[in-house]
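The structure appears right after this line, and notes come after that.
Counting convention: from 1, in listed order, for ligands and their atoms alike. Since we're looking at a predicted model, the values are computed, not measured. Note that these values count all heavy atoms, side chains included, but never hydrogens, waters or copies made by symmetry. Throughout, residue positions are numbered sequentially from 1 according to the sequence presented.
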Amino acid sequence: MQFIDLAAQQQRIRTKIEANIKAVLDHGQYVMGPEIKELEDRLSAYTGVKHAIACSSGTDALLMALMAYDVGPGDAVFTTPFTFIATAEVISLLGATPVFWDIDPKTFNLETGNWKLETGNAELTPKGIIGVDLFGLPADYNSINTIAQKHGLFVIEDAAQSFGAEYHGRKACSLADVACTSFFPAKPLGCYGDGGAVFTDNDELAEKMISIRIHGQSSHKYDNARIGINGRIDAIQAAILLAKLDIFPEETELRQQVAQRYTDGIRSYFPADDQGQALLIPPSLPDGMKSVWAQYSILAQDEQHRAAIQAKLGAAEIPTAIYYPRPLHLQPAFEYLGYKQGDFPISEDFSRRIFSLPMHPYLTREEQERIVEILAAGVKEPNYREIG
Ligand SMILES: *Cc1c(COP(=O)(O)O)cnc(C)c1O
């Protein structure tokens, strides 16, 4: 069994992918060919955002967004420690300082109810917030945008995992001043290499990011208005994404069914008590939200419990993964920020308990039943701690 079955998807659209790649080989515009504009128009139409700018990766998308806001030394950017390294890495790369805040235990996204936007350092100027739509579920942007407005901060949506998701009727990538997504192969919409995009309704920011994407160029190719990067996406990758976009809405619906079957199955074996506690906790979906289920992640009781379940599934050749085994504030790369164990207890606790099941649009009911039955048998064995 595959954790993410890209081959099943390819089989459906292989002819179209080959035709699109052949078109690139025939016209020979490998860099900034006509597929880029076509992709951008379709991304813009899909998300309802005025400007979609395709680029080299999700990481570069975040970098371009921060550069457009002139983020640099002395600036603080708030974000979650429970995310992929790229979210905070780009802040540090520009010489600015990531400032973390813990997550909401229900959504795994930034907790906004008690948020104190303090940097703990008088030398730092708060500049912005990066919300992360972890596992495909949008963060709470109504709250994040309100907090940001109150403090005069920009908001970037790290939608690397959430392209295709919805928040109160609005599409992911349209929920903040700027949004950044990734087309890494394993993401909900993936190419066959690296790719990404930035989204904004703001004309001035769009112009800046278009310039930053190609070495800060201005109207003339060899006039450079600012420092930029080589942030282009390849025409071949855009061509592949165009073929995948044809079936993407359908795949998004299939993902809903797959996730629902997991949740129903897990709930039937592990019903929640009055406090909402269960031996295994499936992901929750707040009202008004549609996740694109980049990952289906569940919580075990503790680290040992998780290891035992993973071993059991592994023995049946069912792959699992842990996102993320170490929150960013405890990564050696961020040691210089001075955080310590205990600073973000929910992120730390979840990094020991969370694991993800195989998740893609082509998982069959039978495969899922087998997975859930192994989960059920696993946690009932005598050497597993029972709660209550
Ligand atoms: C994948 C990912 C990124 C980076 O995207 P790449 O295309 O791999 O550079 C950034 N943030 C999050 C949350 C991600 O999952």
Contacts of type side-chain contact (heavy atoms from CB on, under 4.5 Å), residue Ala65, not counting sequence neighbours: Ile156, Val178, Cys180, Met209
Asn230: partners by side-chain contact (heavy atoms from CB on, under 4.5 Å), with sequence neighbours left out: His215, Arg232
For Thr252, all residues meeting side chain to side chain donor-acceptor pair (under 3.5 Å), sequence neighbours excluded: none
Classify the ring geometry of [X] against [Y]: parallel below 30°, tilted from 30° to 60°, perpendicular beyond 60°.
{"X": "Phe100", "Y": "Phe344", "answer": "perpendicular"}
{"X": "Tyr262", "Y": "Tyr296", "answer": "tilted"}
{"X": "Phe163", "Y": "Phe248", "answer": "tilted"}

Need the list: ligand 1 N/O atoms against protein N/O atoms, distance under 3.5 Å, rounded to one decimal.
unit_1, atom_1, unit_2, atom_2, d
ligand 1, 5 (O), Ser182, OG, 3.4
ligand 1, 7 (O), Gly58, N, 2.8
ligand 1, 7 (O), Ser182, OG, 2.6
ligand 1, 9 (O), Gly58, N, 3.4
ligand 1, 9 (O), Thr59, N, 2.8
ligand 1, 9 (O), Thr59, OG1, 2.5
ligand 1, 11 (N), Asp158, OD1, 3.3
ligand 1, 11 (N), Asp158, OD2, 2.8
ligand 1, 15 (O), Gln161, NE2, 2.7
ligand 1, 15 (O), Lys187, NZ, 2.7

